[in-house]
2 protein chains.
Amino acid sequence: MNVTGHTTRPASIRDVADAAGVSYQTVSRVINGHPSVRPATRDRVLTAIEELGFRRNATAHALASGRSRIVTVLTANTTHYGYASILQGIEEAARAASYAVGIGVLESAGEAAVKAEVQRASDAGGGLIVIAYDRAGVRALAAVPAGLPVVGVVETPASPPGGESPWVWADDRAAAHEATRHLLSLGHDTVHYVAIPSSTRRTSARTAGWRQALREAGAAEPRPLQGSWGPAGGYAAGRRLARDPAATAILCGNDDLALGVMRALHEAGRAIPDEVSVAGFDDSPLAAYLTPSLTTVRLDFTGLGRAAFGLLHGVLEESATVAPHPVSAPELVARESSGPRQHPPRHTPRQHPGAVPPT
Amino acid sequence: MNVTGHTTRPASIRDVADAAGVSYQTVSRVINGHPSVRPATRDRVLTAIEELGFRRNATAHALASGRSRIVTVLTANTTHYGYASILQGIEEAARAASYAVGIGVLESAGEAAVKAEVQRASDAGGGLIVIAYDRAGVRALAAVPAGLPVVGVVETPASPPGGESPWVWADDRAAAHEATRHLLSLGHDTVHYVAIPSSTRRTSARTAGWRQALREAGAAEPRPLQGSWGPAGGYAAGRRLARDPAATAILCGNDDLALGVMRALHEAGRAIPDEVSVAGFDDSPLAAYLTPSLTTVRLDFTGLGRAAFGLLHGVLEESATVAPHPVSAPELVARESSGPRQHPPRHTPRQHPGAVPPT
DNA sequence: CTGAAAGCGCTTACAG
DNA sequence: CTGAAAGCGCTTACAG
């Protein structure tokens, strides 16, 4: 829309140049903050830019300069709390740095599908951030062609990587360790674990942290139950655990899983925390408002997203000294769902009268 | 990465042309599916494309053709269930149509900030989808310059718009109406309402649907309580409603709000549903697993997102006949949190012994 | 400090 | 059916 109110082609640097009485190269210098422009000239150009409502064509800029100011986030999911919060953190940081953010969803973990998504993401130009908390993400990160700027948001690495690794992570291994210790400290003989889907065939960081805490305490190591990302998986696991009198403390790979576990325990007539303690992971917004409110470990996902962008930003603009972005350490938040072990455990779970399976 | 394994400049249409022994215009014709290319020529070009791993440079394509295959979603939020699900639906449909999706978050509803975000979003080229469920979104939709392809995801309009309006909506007015009728049908004298923040100064569609149902039933119309999007707002509202003996049925603008309301009622010792019935809105994944499980109205947010993209796609590519995408009608899901009115209501709420305010 | 030229990798008419 | 030219709106050396 120009001053006459008509919808026309947007103003180009040539239009600005004409209006300011300079060549378009000078306009280019002004919009790029090049120093060698006479102040008076600069002012005239700035005035013309203002009057014409000029905005640099990002596409032309990208093509000519070879740099895009775009970050594309590759992720298997955009709605679960952790993923969504990382995305939010990336977006915040990107917006502050005037980067556009694109998203590509990895719907399948199949080799071909992952490769196609990675290619699509690279087509956007700019850099990539891959959320590699699951199989699809891990594969996508591996499939990024050499030379393409990329940062991975990953689980805690098993061994400390070199200082140059383009990865960020929250210390979910330590978080799981801490949550497990919390439950053990309440007198439970051991802690059962309902896992989120693992990103690889190897043991996930959360599982490793849980296991380590059990070993340190000399506690039995029950088999982890495989969950999903949502409450349905927790519910299924919870039904099985409700039948196990030894399961007096349950750690869940995320809060949604914990919700499902609690529901299943409730239906089985197992009181929380009097008979069974439950802890989650993430401290999602719902955790504090559940009944009982959920003991969990807070993870700084938005900080993680900001850190990921910061790292990528530093790679993309070598000149810009991008300060490393701190990610808060995991923090245990003890609430009502965890409590002291009661002796002896009940061996005959009651059937709760009002139990109705969720629909 | 070329065949030699070295990181180099990606293959261009000229490289392909050289390899195939044709001019680069012919390559352009092949990748654009232009009909007038001899099959043998086409095959040679296709082979060269395959060998060189050629991918069309999207930036150059956009600049030369003037069309981007990008949809940018403008939204005040990316993490709440409704917003995130709409985004998910858009992304699915966009991916299927080989469109890139960008997101821009409206952090503030301030005039200048909104305008700046809209401009940033337009810079990406392509089309816009604006989620206009809140003040920032409504303003953004209004601030989109004429001529820019845009689709709004809006609340149910007060009056039926013309067939050409670039809007999509779920019938949240009807949904609120249905949920209210459900609660009234259980014998409650009236239904209190805890609202999500309204998008405009006018009455929101959900509020209107609730009010209409009350009027039709000749029920009293309590003042709606202003909530937020998250459980904290519901908790605050719930504390107030817990003190009101007339509040025996509460409809909440979304499920997170309902969670907070239920927590507050629990702390005040008000039994759900025996003393107070609660219903939510959206049927988020947690609703079925809460205790009590939450009565709510399911809204087809991903369908809404797909529909929004479909509409935009039709605008962007006039040739492509894009089938209108159906959005499922809202559906009441009755669960444990709503039940028959008990007579007479208790006038002296008990204090629940284990009540601990959420942290 | 400022301008003229070449080019980024494509597409779009225009010839033939 | 295929090729040569001009151009999309910028940036990047290169002159002056």
Side-chain angles (χ1 to χ4, degrees), chain A residues 2 8-46 48-49 52-70 98 100 122-126 317 319, chain B residues 2 8-46 48-49 52-70 98 100 122-126 317 319:
Chain A
N2 59 19
T8 57
R9 180 174 55 74
S12 74
I13 54 171
R14 291 174 215 261
D15 299 325
V16 173
D18 290 350
V22 297
S23 75
Y24 62 84
Q25 292 88 341
T26 297
V27 177
S28 174
R29 286 192 189 90
V30 171
I31 61 185
N32 288 302
H34 194 93
S36 59
V37 177
R38 200 148 44 110
T41 309
R42 174 185 310 275
D43 285 350
R44 270 188 295 150
V45 170
L46 256 20
I49 286 175
L52 298 176
F54 167 81
R55 305 214 97 211
R56 166 163 70 190
N57 181 312
T59 304
H61 174 257
L63 181 60
S65 70
R67 33 186 71 250
S68 289
R69 301 185 81 78
I70 294 180
S98 294
S122 354
D123 286 347
E317 304 183 14
S319 57
Chain B
N2 59 18
T8 57
R9 181 173 54 74
S12 74
I13 54 171
R14 292 174 213 262
D15 299 325
V16 173
D18 289 349
V22 297
S23 75
Y24 62 84
Q25 291 87 342
T26 297
V27 177
S28 175
R29 286 194 189 88
V30 171
I31 61 184
N32 288 302
H34 195 94
S36 59
V37 177
R38 201 148 45 110
T41 311
R42 174 186 310 275
D43 285 348
R44 270 189 295 148
V45 171
L46 255 19
I49 285 175
L52 297 176
F54 167 81
R55 304 213 97 211
R56 166 162 71 191
N57 181 312
T59 303
H61 174 256
L63 182 60
S65 71
R67 34 186 72 250
S68 291
R69 301 185 83 77
I70 294 180
S98 295
S122 353
D123 286 346
E317 303 182 15
S319 56

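Below, each value reflects all heavy atoms present in this structure, side chains not excepted, and no hydrogens, waters or symmetry copies. What you are looking at is a predicted structure, and each value in this text was computed from that prediction instead of being measured. Sequence lines set the chain letters: A, B, ... in the order given, protein chains first and strands last, and positions in each chain run from 1.
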Atom of [X], atom of [Y] and distance for their closest heavy-atom approach:
X: A/S68; Y: A/A124; answer: OG-O, 4.0 Å
X: B/A11; Y: B/F54; answer: O-CD1, 3.2 Å
X: B/L52; Y: B/A19; answer: CD1-CB, 4.1 Å
X: A/V45; Y: A/V22; answer: CG2-CG2, 3.9 Å

Kindly write out the residues that satisfy salt bridge (Lys or Arg N to Asp or Glu O under 4.0 Å) with A/R69, not counting sequence neighbours, or none if the list is empty.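 A/E317.
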Review item, side-chain donor-acceptor pairs of residues 57-65 of chain A, under 3.5 Å, at least two apart:
{"unit_1": "A/N57", "atom_1": "OD1", "unit_2": "A/T59", "atom_2": "N", "d": "2.8"}
{"unit_1": "A/N57", "atom_1": "OD1", "unit_2": "A/A60", "atom_2": "N", "d": "2.9"}
{"unit_1": "A/S65", "atom_1": "OG", "unit_2": "A/H61", "atom_2": "O", "d": "2.6"}
{"unit_1": "A/S65", "atom_1": "OG", "unit_2": "A/R67", "atom_2": "N", "d": "3.2"}
{"unit_1": "A/S65", "atom_1": "OG", "unit_2": "A/R67", "atom_2": "O", "d": "3.3"}

DNA chain D: stems of at least 3 consecutive Watson-Crick or G-U pairs, cut-off 3.5 Å?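 As far as DNA chain D goes, consecutive pairing (with distances under 3.5 Å) yields the stems C:1-3 with D:14-16, C:5-12 with D:5-12, C:14-16 with D:1-3.
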Have a look at B/R56 and tell me which of B/I49, B/N32, B/I13 forms a side chain to side chain contact (heavy atoms under 4.5 Å, CB included) with it.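 Per the side chain to side chain contact (heavy atoms under 4.5 Å, CB included) rule, the option paired with B/R56 is B/N32, out of B/I49, B/N32, B/I13.
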State the CD1-CG distance between B/I31 and B/L46, to the nearest 0.5 angstrom.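 With rounding to 0.5 Å, CD1 (B/I31) is 10.5 Å from CG (B/L46).
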*Point-to-point distance, once rounded to the nearest 0.5 Å, from OG of A/S12 to CZ of A/R14*: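 One gets 6.5 Å once the value is rounded to the nearest 0.5 Å.
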Which residue lies more 5' along DNA chain C, comparing B/R29 with B/A60 via nearest heavy atoms: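 So the residue in question is B/A60.
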For this session: May I ask you to list the residues of residues 11-21 of chain A, by number, that have any heavy atom positioned under 4.0 Å from an atom of DNA chain D?
Result: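 Contacting residues: A/S12, A/I13, A/R14.
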So which one's nearest nucleotide on DNA chain D is more toward 5', B/S65 or B/H34?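 Closest to the 5' end, via its nearest nucleotide, is B/H34.
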Quiz item: Just checking B/T41: base, sugar-phosphate only, or nothing, at a heavy-atom cut-off of under 4.0 Å?
Solution: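 Sugar-phosphate contact only.
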Original post:
Going 5' to 3' on DNA chain C, which nucleotide is the first and which the last to come under 4.0 Å of a heavy atom in chain A?
Top reply: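 Under 4.0 Å from chain A, the extent on DNA chain C is C/dC1 to C/dG9.
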message: Can you pull out every salt bridge (charged side-chain N to carboxylate O under 4.0 Å, His left out) where at least one residue sits in residues 16-38 of chain A? Sequence neighbours excluded, please.
response: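 Residue pairs with at least one partner in residues 16-38 of chain A: there are none.
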